[in-house]
Amino acid sequence: MLKKAFIGSLVERKSELVGSQVVVCGWVHRIRDLGKVKFLVLRDRTGFIQATLKAGVTPSEVLEEAERIKLESVVCVEGLLSEAPTREGVEVKVENLKVLSIPVEPLPLEPGESDKAALPVRLKYRWLDLRNPKVSSIFEFEAFVARVFREYYASQGFVEIFTPKIVAAGTESGAEVFPVLYFDKTVYLAQSPQFYKQFAVIAGLERVFEIGPVFRAEPHHTTRHLNEYHSLDIELGFIENYHDVMSYVEGFFRELAKRMEEDNTARKALEVHGAEPPRIPASGIPKVRIREAYEILRERYGKVIPEGEDLDSEAEKLMASYAREEYDSDFVFIIEYPWRVRPFYTMRIDFEPEWTYSFDLLFRGLEVVTGGQREHRYERLVENLESKGLKKDDFQFYLDFFKHGAPPHGGAGMGLERIVMQSLKLQNVREARMLPRDTERVVP
RNA sequence: GCCGCGGUAGUAUAGCCUGGCCUAGUAUGCGGGCCUGUCAAGCCCGUGACCCGGGUUCAAAUCCCGGCCGCGGCGCCA
């Protein structure tokens, strides 16, 4: 390895390393050339460090080589780590220098302040945008969320599964899937692992989770939709009711909030974005029946949502204010959604079939989780399908799973990028995706 | 899909409403020069832009129409 340590760790261990030889590799973030003294600020994802070259001290062939360096050149320097009046408190007195790469044309975007550029420009030159530590911290944070998700559910006895992304039919409707040419037939990109995570539960794995991409062919033009995003899915068998599912969802967010306080990477990301870990009341995330929500919205905010309709995004924001004011919570569960706005596999309430055992979780006013109890009784499932006007034949492969013993079960799907967006208070989900795919964008 | 807003150097912007004072200003980058302790280094010189097409007018970055591209709201959803 050319590089032995991240810059951040060298700086962290400065008290033991000062006075010793170090090798530092990174990108040239700044060049301050005073003629006979030259300062290079080197950067990697973990931090900055100054490298100093001085006429009469640094070997002349090294000084000469340093003349070639431009901003964002990739270099390794070797020298004595010394105390210095820099931000980091140290600098490297360069004795040897290797230029590994020099930009071949002027930079279209300056990494140091790329977050001030317009989003389309940043996305076009994302490899430069990501060099801005404020931007890379988003993806370190995303990895953190995924890691906590994986660790939390594994610790609760869930098995990680990997389901197909090439599927024969859409999950709920046919309209919002991307067709793909698969040998001599048309298949689709999965818009949810829904059927297959239920498959895994019924197949006896009982509790499963998956982190994977999903594809939505909707032509949205908003700050909260992507055509390709990552779904954090869970599904569990032998539940008593859908509150069991919500407990596991809440458990994850509680763990996530806790680890945001403890984890250095997460803390740093929150700090540079001016965000704080979410507030969850000790008494639990509040649960509001959607029928109550209609009333709250009407009486408290003068916002009318007709009975049996879904909440629109304004209503979701208002319910977030309600949760903050009444419960000091950044989260609120909206429960018992109307049957007409939920997919056919949702379990309906026995004595009120127009309503369902389902929920959404709003995080600071944005829907980040959807879940509920699934219908596991074969005949009921067929009825549900018919009630939605769907053809039984199109879903027979799925119905077959339920023919040979299916426990009561439920689950949820969470949008990874949305969780990152809301945690860090980003203005646009695209910022939470390294290379977002939207209606127009397929490169880079 | 429907609706709204926008497009000025590599980047970020001023100018547009109220046409002429625009030979299009500023910052940063880029090229060159000075400087032995800078830290968003500083100073000097230079470089570089009105999305495309049509129209109105003596005169268009500015007003009008069309196109292309971008952004956002709604719907739908994570």
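Proteins come first, then strands; the chains are lettered A, B, ... in the order of their sequence lines, and each starts at number 1. Nothing here was measured: the structure is a model prediction, and the numbers come from that model.
- Comparing the P positions of B:rC69 and B:rU26 gives a spacing of 34 Å, expressed to the nearest Å.
- Of the candidate nucleotides B:rU36, B:rG75, B:rU38, B:rG75 has the atom nearest to the side chain of A:Pro219.
- Taking the six-membered ring for Trp, A:Phe178 and A:Phe215 have ring centres at least 6.0 Å apart.
- Mapping A:Ala55 and A:Glu88 onto RNA chain B by nearest heavy atom places A:Ala55 closer to the 5' end of the strand.
- To the nearest angstrom, C1' of B:rG32 lies 14 Å from NZ of A:Lys70.
- Contact between the side-chain N/O atoms of A:Thr223 and the OP1/OP2 oxygens of B:rG73 is found at a separation under 4.0 Å.
- Taking atom P in both B:rU62 and B:rC50, the straight-line distance is 12 Å, to the nearest Å.
- A distance of 5.5 Å separates CD of A:Gln21 from CD of A:Glu78, quoted to the nearest 0.5 Å.
- The pairing partner recorded for B:rU18 is none, the criterion being a Watson-Crick or G-U wobble arrangement whose two distances lie under 3.5 angstrom.
- Heavy atoms of A:Arg430 sit under 4.0 angstrom from primed sugar atoms or phosphate atoms, though from no base atom.
- With B:rC77, B:rA12, B:rG37 as the candidates, the nucleotide lying closest to the side chain of A:Pro85 is B:rG37.
- In this structure, A:Arg433 does not reach the B:rA78 phosphate: none of its side-chain N or O atoms is under 4.0 Å from OP1 or OP2.
- Remark: A:Glu95 does not engage A:Lys93 in a salt bridge, criterion side-chain N to carboxylate O under 4.0 Å.
- Using bins of under 30°, 30° to 60° and over 60° for the plane-to-plane angle, the ring pair A:Phe149/A:Phe209 lands in the perpendicular bin.
- Here, B:rA12 and B:rG7 have their P atoms 13 Å apart, quoted to the whole Å.
- Judged by atom type and distance alone, A:His225 reaches the base of B:rC76 through a side-chain donor-acceptor pair under 3.5 Å.
- Classified by interplanar angle (parallel below 30°, tilted 30° to 60°, perpendicular above 60°), the ring pair A:Tyr357/A:Tyr242 is tilted.
- A sub-4.0 Å separation between OP1 or OP2 of B:rU38 and a side-chain N or O of A:Thr52 is absent.
- Geometrically, A:Arg433 does not engage A:Tyr229 in a cation-pi contact, judged by NZ or CZ lying under 6.0 Å from the ring centre and within 45° of the ring axis.
- Between the C1' atoms of B:rU18 and B:rU23, the separation comes to 23 Å (whole Å).
- In this structure B:rC71 sits in a base pair with B:rG4, meeting the Watson-Crick or G-U test at under 3.5 Å.
- Contact check, A:Asn227 against B:rC77: no side-chain N or O comes under 4.0 Å of OP1 or OP2.
- A:Val369 comes within contact range of the sugar-phosphate backbone alone, with a heavy-atom separation under 4.0 Å but no base atom that close.
- B:rU11 atom C1' lies 14 Å from atom CG of A:Asn132, rounded to whole Å.
- Residue A:Arg30 is in sugar-phosphate contact alone, with no base atom involved, counting any heavy-atom pair closer than 4.0 Å across all strands shown.
- Across all strands shown, B:rC45 is found opposite B:rG31 as a Watson-Crick or G-U wobble partner, with both distances under 3.5 Å.
- Counting atom types as modelled, A:Gln50 pairs a side-chain N or O with a base atom of B:rU38 as donor and acceptor under 3.5 Å.
- Between A:Tyr248 and A:Phe158, the ring-plane angle classifies as perpendicular under the 30° and 60° cut-offs.
- Remark: the separation of the P atoms in B:rG4 and B:rC65 is 13 Å, to the nearest Å.
- One atom, CZ of A:Phe178, and another, P of B:rC76, lie 19 Å apart when rounded to the nearest Å.
- Residue A:Pro120 is classed as a sugar-phosphate contact, given heavy-atom separations below 4.0 Å to backbone atoms only.
- Listed candidates were B:rC74, B:rG75, B:rC39. Nearest to the side chain of A:Arg224 is B:rC74.
- Separation of the C1' atoms belonging to B:rG6 and B:rC43 is 39 Å when rounded to the nearest angstrom.
- Atom CD of A:Glu417 is separated from atom P of B:rA78 by 14 Å (rounded to the nearest Å).
- Among the atoms of the strands shown, only primed sugar atoms or phosphate atoms (P, OP1, OP2) are found under 4.0 Å from some heavy atom of A:Leu71.
- Note on A:Lys93: a base of the nucleic acid sits closer than 4.0 angstrom, heavy atoms only.
- Within 4.0 Å of A:Gln422, counting heavy atoms only, lies no atom of the nucleic acid at all.
- Set against B:rG73, B:rC39, B:rA78, the side chain of A:His220 has B:rA78 as its closest nucleotide.
- Taking atom CZ of A:Arg340 as the reference point, atom C1' of B:rC76 lies 13 Å away to the nearest angstrom.
- Spacing between atom CD of A:Glu431 and atom P of B:rG72 amounts to 10 Å, rounded to whole angstrom units.
- For the pair A:Phe39 and B:rG37, the ring geometry does not qualify as stacking, because the centroid separation below 5.5 Å and plane angle under 30° are not jointly satisfied.
- Nucleotide B:rC34 holds its P atom 10 Å from the NZ atom of A:Lys36, rounded to whole Å.
- As judged by a 4.0 angstrom heavy-atom cut-off over every strand, A:Ala117 is placed among residues touching the sugar-phosphate backbone only.
- Checked by distance alone, A:Glu218 brings no side-chain donor or acceptor within 3.5 Å of a matching partner on the base of B:rG1.
- When heavy atoms are screened at a 4.0 angstrom cut-off, A:Asp312 is found touching the sugar-phosphate backbone but no base atom.
- Under the 30°/60° scheme for interplanar angles, the aromatic rings of A:Tyr196 and A:Phe401 are found to be tilted.
- On the P atoms, B:rU8 is 14 Å away from B:rC71, given to the nearest whole Å.
- B:rC77 atom P lies 8 Å from atom CD of A:Glu367, rounded to whole Å.
- Among the protein residues, A:Val57 comes within range of no part of the nucleic acid, since none of its heavy atoms lies under 4.0 Å from any strand.
- The partner of B:rG66 is B:rC52, by the rule that a Watson-Crick or G-U pair needs both atom distances under 3.5 Å.
- Between the side chain of A:Arg207 and the main chain of A:Leu236, no donor-acceptor pair closer than 3.5 Å is present.
- With both ends at atom C1', the span from B:rC77 to B:rC5 equals 25 Å, rounded to whole Å.
- Among the protein residues, A:Thr222 comes within range of the nucleic acid bases, having at least one heavy atom under 4.0 Å from a base atom.
- Nucleic acid contact class of A:His230 (heavy atoms, under 4.0 Å, all strands): none.
- Formation of a donor-acceptor pair under 3.5 Å by the A:Lys134 side chain with backbone atoms of A:Ser114 is not found in this model.
- Between A:Ser231 and B:rA78, a side-chain N or O to OP1/OP2 separation shorter than 4.0 Å is absent.
- Looking at heavy-atom distances under 4.0 Å, A:Arg342 makes no contact with the nucleic acid at all.
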